[in-house]
Amino acid sequence: MNRLEVSELTVAFGRRRSVAVDRLSFTLAEHERLGIIGQSGSGKSVTGLAMIGLLPENAHVTGSILLNGQEMVGRPEKELRRLRGNEVSMIFQEPMTALDPTMRVGRQIGEVVALHHRDRRGGIQEEVVEWLERVGMTDPERVAHSYPDELSGGQRQRALVAMALANEPGLVICDEPTTALDVIVQRQILDLLDVQLRGRASLFVSHDLAVVRQVCDRVLVMLQGRVVESGRIDDIIEAPQHPYTRALVAAARIGNHPRGTRLPTAADFTEGPRP
């Protein structure tokens with residue numbers, strides 16, 4: 001059984017119903033890793049937020065998102081909160097926005113665990129420290145007692161990974177989780193995710209083909225809210241079919257181009273406004 005099945009998903013914003021995602025359909029099997037790639041404004045992050053029910057109030061959503069047979073579209077917020085963290089979780093791009101700056105990191109992770117296990121008594125703090133160790137913290141107890149601004153960018157992102165995985169969700173959505181990090185830390189976080197996401201279904205949103213190639217099996221290429229190409233990641237990179245995909249592959253290989261070479265951008269493929 002597919003863990004996630006998306007059918008004709010459309011997301012529009014505001015009174016004029018500006019379309020961000022247009023009739024998107026895909027399936028994600030248990031244990032499979034799917035990348036969604038595209039430049040800013042392609043609809044990839046909106047897709048990720050729709051999967052977990054975190055779109056703003058002015059979003060108009062139609063279509064279907066089935067998570068383990070449960071419909072997410074139109075589901076009451078109270079029920080969505082029960083599913084978030086337990087069955088599906090998200091690792092965000094910017095940890096200083098995702099983490100509460102007024103709370104110690106260990107307490108924040110502990111509250112996520114306690115929210116879904118209200119019957120548990122004790123042991124949560126030990127579990128928090130264990131998770132911080134599992135995500136590569138060299139001094140997990142110190143990190144647990146630290147505030148977010150006392151940690152480095154890489155440590156904060158590791159804390160977000162621990163928070164997202166603490167309740168062992170079957171589906172993890174990663175929304176550009178390495179974009180704000182330097183190259184060395186980015187590689188460390190990707191290696192961490194490669195290990196920690198094993199055995200789970202994952203949706204990895206990124207603008208970077210090299211990142212997606214490291215952690216995903218398949219990829220959807222999005223342009224203006226629509227999928228223009230999809231398939232196995234190696235096949236897409238080695239033999240891209242759509243002009244926009246070829247542009248993304250060329251951008252990923254920018255070091256191979258002579259200085260001054262103009263590479264295509266998303267604007268070269270703009271189709272104009274849609275009704």
Side-chain angles (χ1 to χ4, degrees), residues 2-11 20-52 63 65-67 88 90-93 164 170-179 186-187 189-256 263-266 268-269 271:
N2 287 316
R3 181 169 292 278
L4 183 67
E5 185 173 353
V6 178
S7 178
E8 293 290 307
L9 176 67
T10 297
V11 182
V21 176
D22 189 6
R23 293 169 293 176
L24 175 65
S25 297
F26 67 89
T27 57
L28 180 61
E30 196 169 6
H31 312 315
E32 188 179 19
R33 301 180 183 186
L34 175 66
I36 300 182
I37 193 163
Q39 294 183 347
S40 296
S42 62
K44 60 187 188 300
S45 289
V46 172
T47 298
L49 291 170
M51 299 302 108
I52 200 168
I65 301 172
L66 290 177
L67 176 63
V88 56
M90 194 164 195
I91 302 171
F92 294 93
Q93 176 180 153
L171 170 63
V172 180
I173 300 166
C174 305
D175 184 16
E176 306 243 24
T178 61
T179 298
Q186 181 183 93
R187 171 69 62 169
I189 296 298
L190 287 175
D191 289 343
L192 167 66
L193 289 172
D194 189 38
V195 172
Q196 294 296 333
L197 294 178
R198 289 174 187 169
R200 311 174 197 273
S202 61
L203 194 65
F204 204 101
V205 174
S206 180
H207 65 278
D208 191 330
L209 265 173
V211 168
V212 171
R213 189 176 199 176
Q214 182 173 337
V215 295
C216 294
D217 308 308
R218 292 191 298 122
V219 65
L220 305 178
V221 181
M222 291 190 71
L223 172 66
Q224 291 187 294
R226 296 174 179 169
V227 173
V228 295
E229 191 164 353
S230 65
R232 291 187 55 80
I233 181 65
D234 288 341
D235 295 338
I236 293 292
I237 290 177
E238 296 302 323
Q241 300 300 306
H242 192 277
Y244 178 62
T245 310
R246 291 198 291 270
L248 292 177
V249 173
R253 296 171 177 166
I254 191 169
N256 298 326
L263 297 177
T265 68
D268 297 315
F269 306 97
E271 302 172 0

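For the numbers below, each heavy atom of this structure counts, side chains included, while hydrogens, waters and symmetry mates do not.
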Checklist entry - What's the shortest heavy-atom distance between D22 and R226, and which atoms? => result OD2-NE, 2.8 Å

Checklist outcome for this item: In terms of heavy-atom contacts, V212 and G35 come closest through CG1-CA, 4.0 Å

Checklist entry - Of the non-hydrogen atoms in L193 and R33, which two are nearest, and what is the gap between them? => result O-NH2, 4.4 Å

Next on the checklist: Measuring from atom CD1 of I37 to atom CD1 of I233, what distance do you get when rounded to the nearest 0.5 angstrom?
Outcome noted: 6.5 Å

Checklist entry - Can you tell me how far CE of M51 sits from CD1 of I173, rounded to the nearest 0.5 angstrom? => result 7.0 Å

Item to check | Atom of K44, atom of H207 and distance for their closest heavy-atom approach | outcome: CE-N, 3.9 Å

Next on the checklist: I'd like to check F26 versus L4 (side-chain heavy atoms, cut-off strictly below 4.5 Å). Are they in contact?
Outcome noted: yes

Checklist entry - Do E32 and R3 sit within salt-bridge range, that is, some charged N less than 4.0 Å from a carboxylate O? => result no

Item to check | Pairwise distance CD1(I236) to OG1(T245) - rounded to 0.5 angstrom | outcome: 6.0 Å

Checklist entry - Could you walk me through whether D191 and Q214 pass the side chain to side chain contact (heavy atoms under 4.5 Å, CB included) check? => result CA-CA 9 Å; D191 289 343; Q214 182 173 337; 3.0 Å; yes

Item to check | Y244 to M222 - nearest heavy-atom pair and separation | outcome: CE2-O, 3.2 Å

Checklist entry - Within the distance-only criterion (no hydrogens, no angle test), does the side chain of T27 pair as donor or acceptor with the backbone N or O of E5 below 3.5 angstrom? => result no

Next on the checklist: Would you say CZ of R246 has more than 12 non-hydrogen atoms from neighbouring residues, nucleotides or ligands within 6.0 angstrom?
Outcome noted: yes

Next on the checklist: Within the 4.5 Å heavy-atom criterion, are V219 and E229 side-chain neighbours or not?
Outcome noted: no

Next on the checklist: For a quick test of reading the model, state the closest non-hydrogen atom pair linking L28 to S202 and the distance between them.
Outcome noted: CD2-O, 3.7 Å

Item to check | From CG (L197) to CG (L171), nearest 0.5 Å | outcome: 10.0 Å

Next on the checklist: Quick check for you: to the nearest 0.5 Å, what is the distance between L190 atom CG and R213 atom CZ?
Outcome noted: 14.5 Å

Item to check | Distance in Å, D194 CG paired with I189 CD1, rounded so as to fall on 0.5 Å steps | outcome: 12.5 Å

Next on the checklist: Working note: M90 + L49, criterion side chain to side chain contact (heavy atoms under 4.5 Å, CB included); need CA distance, chi angles, decisive distance, verdict.
Outcome noted: CA-CA 9 Å; M90 194 164 195; L49 291 170; 3.8 Å; yes

Next on the checklist: Using side-chain heavy atoms (C-beta onward) and a distance below 4.5 Å, is V205 in contact with T47?
Outcome noted: no

